[in-house]
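Only a predicted model underlies this, so the values are computations on that prediction, with no experimental measurement involved. Below, read A as the first sequence line, B as the second, and so on, with proteins coming before strands; counting in each chain starts at 1.
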Protein chains: 2
Amino acid sequence: MRHGGSWNDERVEEAPRWLTAEEQTSWRAYLRASRELSFALEKDLQCHGVSLSEYELLSMLSEADDGRLRMSALADLIVQSRSRVTHTATRLERRGWVERGPAPDDGRGVVVQLTDAGRQAVESFAVEHVESVRRHLVDVLTPAQLAALGEAMGAVHTAYRADPTTPEPSECPTMEL
Amino acid sequence: MRHGGSWNDERVEEAPRWLTAEEQTSWRAYLRASRELSFALEKDLQCHGVSLSEYELLSMLSEADDGRLRMSALADLIVQSRSRVTHTATRLERRGWVERGPAPDDGRGVVVQLTDAGRQAVESFAVEHVESVRRHLVDVLTPAQLAALGEAMGAVHTAYRADPTTPEPSECPTMEL
DNA sequence: GACGTCTAGTTGACCCTTCAACTATGCACC
DNA sequence: GGTGCATAGTTGAAGGGTCAACTAGACGTC
């Protein structure tokens, strides 16, 4: 592993493929701006006392049939761990914005239901949040740029779905001190 | 920009501008994939016992002259709050990967210095991390897509710099329980 | 040279996320 | 119909991030 000695290819161990200058530039630009973006959106939302992940949960519910969704469906939609959704839902439940009930078809399942107060809340956030998304993302790009961004991220998503995470179970090889 | 003022130049209360279907699609694609991406990168790094933000800090230091940077420069480079950088640096210092010292030119300042062990550590992470970035982002896009992504995010960054965060101090207007 | 203000960085408390158990139900298979 | 395993969701502790308060040095001004 330590490519000291004769770091020759006994078999595997290809030469590390660094990023080209262009790749590096794009990657860094992504890294920087994505941080800034989530920072900005979070901050704008904060006025209303909700985090982005709370907003997303409520938002998904508000778009769902009858304002209800299974926990796991919610987790998939907003790309968060089950556990995190549980905690978030608990917080929102305490505020009276959602309620939990058993899933009719599956004894293990839990359905989250948006309450009237919850719907009212999301709707009151939505306008300003969309404004925020426009200000920080949509309106600063040309339609073509935005479309290209969406397309690229779509490809990232597709790749991720195909292979969510690659380190083999027995992996995590070299680990010093 | 104010959209050419095509429809409504009234000073007050414009109609809420929702996202168009295309805008919505792109925005959602971004939101989803950016979560997945940071998730995947974080997970791959986790093998080595560092988080992405720790890695970035070390990485910036390793690229800097003499492996040293001011705290504030570091914070700007990796787009994190001062406080967060302090905490992260403290953690890395405990592991012996960085050291803190006073800034020569400014009595208030602190410079973070990458130690030998620290440099060795980053270098050992780097190969696999780049691999990870390739697998989840760079290699799943065409060069043109990656360039477009970088360009779009560059524009997001520029806009953010111009106006980091917009809620006026007296803002956060309507706030119901 | 003392005052007010601004910038750099740290600290600690609180909150959110993560992670590793854990419960409970569904499902296959013999 | 019991055994084994997979899935759904929860829990609590541990760790990282945020926020507001704080220390301390710089800088301008009178």
Side-chain angles (χ1 to χ4, degrees), chain A residues 35-36 38-47 49-57 68-95 98-113 164-165 167 169 172, chain B residues 35-36 38-47 49-57 68-95 98-113 164-165 167 169 172:
Chain A
R35 282 263 170 77
E36 291 166 343
S38 63
F39 201 75
L41 295 175
E42 203 80 57
K43 194 138 197 178
D44 286 353
L45 223 34
Q46 184 176 311
C47 290
V50 286
S51 67
L52 185 54
S53 69
E54 286 168 342
Y55 176 82
E56 279 184 85
L57 194 158
R68 67 176 73 214
L69 280 172
R70 286 281 295 267
M71 291 294 283
S72 48
L74 219 31
D76 288 348
L77 280 170
I78 63 185
V79 192
Q80 291 182 4
S81 71
R82 308 276 159 112
S83 160
R84 183 172 173 182
V85 173
T86 294
H87 286 302
T88 306
T90 303
R91 250 175 289 139
L92 295 175
E93 198 170 22
R94 273 202 291 266
R95 297 206 216 176
V98 304
E99 275 165 3
R100 265 183 266 221
D105 54 322
D106 186 335
R108 302 164 298 177
V110 169
V111 186
V112 191
Q113 165 83 55
T165 172
C172 298
Chain B
R35 283 264 171 75
E36 290 166 345
S38 63
F39 200 76
L41 295 175
E42 203 80 55
K43 192 136 195 178
D44 285 354
L45 266 177
Q46 184 177 311
C47 291
V50 285
S51 66
L52 185 54
S53 69
E54 287 167 341
Y55 176 83
E56 279 184 85
L57 195 157
R68 66 176 73 215
L69 280 173
R70 285 282 294 269
M71 290 294 283
S72 48
L74 217 32
D76 289 347
L77 280 170
I78 62 184
V79 193
Q80 290 182 6
S81 71
R82 308 275 160 112
S83 159
R84 184 172 172 181
V85 173
T86 295
H87 287 303
T88 305
T90 303
R91 247 175 292 139
L92 294 175
E93 199 171 22
R94 273 202 292 266
R95 296 206 216 177
V98 304
E99 275 166 4
R100 266 183 265 221
D105 54 321
D106 186 335
R108 302 164 297 178
V110 170
V111 285
V112 190
Q113 165 82 56
T165 171
C172 298

Between the protein and nucleotides 2-7 of chain D, are there any N/O to N/O pairs under 3.5 Å, and if so, what are the atom names and distances?
unit_1: D:dT7; atom_1: O2; unit_2: A:R108; atom_2: NH1; d: 2.9

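Nucleic acid contact for A:S72: sugar-phosphate only, since backbone atoms but no base atoms lie under 4.0 Å from a heavy atom of the residue.
For A:Q113, the side-chain contact (heavy atoms from CB on, under 4.5 Å) criterion is met by A:R68, not counting sequence neighbours. Under the salt bridge (Lys or Arg N to Asp or Glu O under 4.0 Å) criterion, B:R70 pairs with B:D106, sequence neighbours left out. Applying the salt bridge (Lys or Arg N to Asp or Glu O under 4.0 Å) test to A:E93 and every residue at least two apart in sequence or in another chain returns A:R100. Residues satisfying the side chain to side chain donor-acceptor pair (under 3.5 Å) test with A:S72, not counting sequence neighbours, are none. With sequence neighbours left out, A:F39 forms a ring pair (Phe, Tyr, Trp, His ring centres under 6.0 Å) with no residue at all. Applying the salt bridge (Lys or Arg N to Asp or Glu O under 4.0 Å) criterion to B:E54, with sequence neighbours excluded, gives B:R91, B:R95. Qualifying side chain to side chain donor-acceptor pair (under 3.5 Å) partners for B:S53, counting only residues two or more places apart in sequence or in other chains: B:S51.
Tested against A:L74 for a side chain to side chain contact (heavy atoms under 4.5 Å, CB included), the candidates A:V111, A:V112, A:V110, A:V98 yield a single pass: A:V112.
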Show me the side-chain donor-acceptor pairs of residues 76-88 of chain A shorter than 3.5 Å, one per line, residues at least two apart or across chains.
unit_1: A:S81; atom_1: OG; unit_2: A:R84; atom_2: N; d: 3.0
unit_1: A:T86; atom_1: OG1; unit_2: A:R82; atom_2: O; d: 3.2
unit_1: A:T88; atom_1: OG1; unit_2: A:R84; atom_2: O; d: 2.8

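Closest non-hydrogen pair, A:E42 versus A:L52, comes out as OE2-N, 2.6 Å.
Of all nucleotides in DNA chain C having an atom under 4.0 Å from a heavy atom of chain B, the first and last in 5' to 3' order are C:dT7 to C:dC19.
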For nucleotides 12-18 of chain D, read 5' to 3', which letter fits each nucleotide if B means a protein heavy atom sits under 4.0 Å from the base, S means only the sugar-phosphate is that close, and - means neither? B---SSB
